[in-house]
Engineer: 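Sharing a structure here in C-alpha cells format.
All chains are named by letter (A, B, ...) in the order of the sequence lines, taking the proteins before the strands, and each is independently numbered beginning at 1.
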Amino acid sequence: MEDQARMMLGHIGLTGLSHEDVGDPDNIRKHHNLGQPQQQDIGDILQQIMVITDESLDEAQARKHALNCHRMKPALFSVLCEIKERTALSIRGVQEEDSPDPQFLRLDNMLLAEGVAGPERSGASAAAAVVAAAAGGSPSEGNVEHSEYKEKLAQIRRMYHAELEKYQQACNEFTDHVMNLLREQSRTRPISPKEIERMVGIIHRKFSTIQMQLKQSTCEAVMILRSRFLDARRKRRNFSKQAAEILNTYFYSHLANPYPSEEAKEDLARKCSITVSQVANWFGNKRIRYKRNVAKLQEEANRYAVKTAVDAASVSSQASQANSPATPNSGGYPAPCYTPDGRL
DNA sequence: CGTCATGATTGAAG
DNA sequence: CTTCAATCATGACG
C-alpha cells in the first residue's frame, strides 16, 4: 500500500515530499505555492490517497474499484496515455520496426538443410546424404562414420530443440507475466493496449536474439562436426601396396583401353578393399597422369607388363608373351617397350 | 623445412 | 551419369 501511494505520488509529480509533508495539506500548499481551487483539489486527492493507505485492504480495493468505475476514468486514462505516448515513448519507441534479419533467415535455412531444424527425418537424412556424397557411392559405404555422424547430429538436434523449447516457454511465461502485470497496472497507470503490445514485441525481440545465439552456436557445432567428417574423408590415406599392385596390374594390362567396366570396378574394389568410387578415382588419376608423363611412367608400365607376362607364364607356360594382355595397343596410350630389365 | 606422390574434389564437357 | 583436367590437401621422404 505504501508503495502504491508513493507510486501514484510519483506520477502526479510530487516525489521528494516526506510523509509528514504530504500528510499536511498546508505544507503542500507551501511547497508548491498553491492556493487556487484546482490545486486545492489536488491536495484533497493526495489527502484521499494517504487515507487510502491507512485503510484496510478490502476497503482500499473497494475504493479502487470505485475510482476505476468513475465515469471520467476512461477519458482521463486515454488523455494520459496520449500524453505519455507523445513524450517518453516517442523518444525510445521509434527505432524499432526490425526488418526480418537476413542472417537469421540464413541460419534457419542452414539448420533446416542440415536436418537439425524441421521435421525428424529417418534413414536417408542429411547426414546420410553428406556421407554418401563424400564417399561417392553405394549406401553401404562408411557405415561406421555415418552412424557416428548421425548420432552426433541427433545429439545436437536434441539439444537444440530442448533449448529452443525452453526459450519458447520462458518467453511465453515472461510475456504472460509482463502482460498481466501491465494490464493490472493499467488500472492505476496510463498504459494503453498498444503499449502493452509494444512491450510484448520488445520481449519477443529480446528472446529471438537469444534464440539467434542458440541457432548460431548450433550452426557452429554442425559446421565443426561436418568439417571433422569432411576432413576425415579428405584426409588421404594411401592405398595398401597390395591394392596399388592390383590396380596397376589391371591398368597396364588394359593400357589400350584402361576403362574398367562397372563390374570390373566392383571386382577391383573388392580385391583392394576400397570403394568403387575410389577405384574410379584411381583410374581417373592414373589415366591423366599416365598421359601427362608417358616417358616417366613407361618404366613402370614395363615393370607391370613384365610382371603380368611372368604371371601369365606361370599359369600357362605357353604363348604368354605373344598374348600378353598389355600387347593389344590401339588406344591413345603409348605402349611400353618390353625389355626384361625394364629399360627402353 | 621443401618436394614429390597420390587420393579426393571440383567443374566443364559430352 | 562418366571422363578429363586442374587443383587441393595430405603423406612420405630426404
Engineer: Please give, in whole Å, the distance from C:dC4 P to A:R289 CZ?
Structural biologist: 13 Å
Engineer: Rounded to the nearest angstrom, tell me the gap between atom CG in A:L247 and atom P in B:dG7.
Structural biologist: 8 Å
Engineer: Side chain of A:R237, heavy atoms from C-beta onward: which of C:dG11, C:dT2, B:dA8 has the nearest atom to it?
Structural biologist: C:dG11
Engineer: To the nearest Å, how far apart are A:W282 CH2 and B:dT6 P?
Structural biologist: 10 Å
Engineer: Which of these passes side chain to side chain contact (heavy atoms under 4.5 Å, CB included) with A:Q211: A:Q168, A:K206, A:E163?
Structural biologist: A:Q168
Engineer: With under 30° as parallel and over 60° as perpendicular, where do the rings of A:Y290 and A:F251 fit, or are they tilted in between?
Structural biologist: perpendicular
Engineer: Got a second to check how far A:E263's CD is from A:K265's NZ, nearest 0.5 Å?
Structural biologist: 10.0 Å
Engineer: With heavy atoms under 4.0 Å as the rule, sort A:F239 into base, sugar-phosphate or nothing.
Structural biologist: sugar-phosphate
Engineer: Looking at B:dA8, I'd like to know if its phosphate oxygens (OP1 or OP2) sit under 4.0 Å from a side-chain N or O belonging to A:K286.
Structural biologist: no
Engineer: I'd like to know if the side chain of A:S192 and the backbone of A:E195 have a donor-acceptor N/O pair within less than 3.5 Å.
Structural biologist: yes
Engineer: Roughly how many Å is it from CZ in A:F283 to P in B:dA8, rounded to a whole number?
Structural biologist: 14 Å
Engineer: Select one nucleotide: of B:dT6, B:dA8, C:dT3, the one nearest the side-chain heavy atoms of A:N238.
Structural biologist: B:dT6
Engineer: Measure from the side chain of A:R292, starting at C-beta and using heavy atoms only, and say which of C:dA12, C:dA6, C:dT2 lies closest.
Structural biologist: C:dA6
Engineer: Quick one: A:I288 CD1 to C:dT3 C1', roughly how many Å, whole number?
Structural biologist: 9 Å
Engineer: Does the A:H161 side chain pair with the main chain of A:R157, one donor and one acceptor, at a distance under 3.5 Å?
Structural biologist: yes
Engineer: For a quick test of reading the model: is some side-chain N or O of A:K291 closer than 4.0 Å to OP1 or OP2 of C:dA5?
Structural biologist: yes
Engineer: So, OP1 or OP2 of B:dA8: does either fall under 4.0 Å of a side-chain N or O from A:N281?
Structural biologist: yes
Engineer: Roughly, in whole Å, what's the span from CG in A:N285 to P in B:dC4?
Structural biologist: 18 Å
Engineer: May I ask you to evaluate whether A:R287 reaches the phosphate of C:dC4, defined as a side-chain N or O under 4.0 Å from OP1 or OP2?
Structural biologist: yes
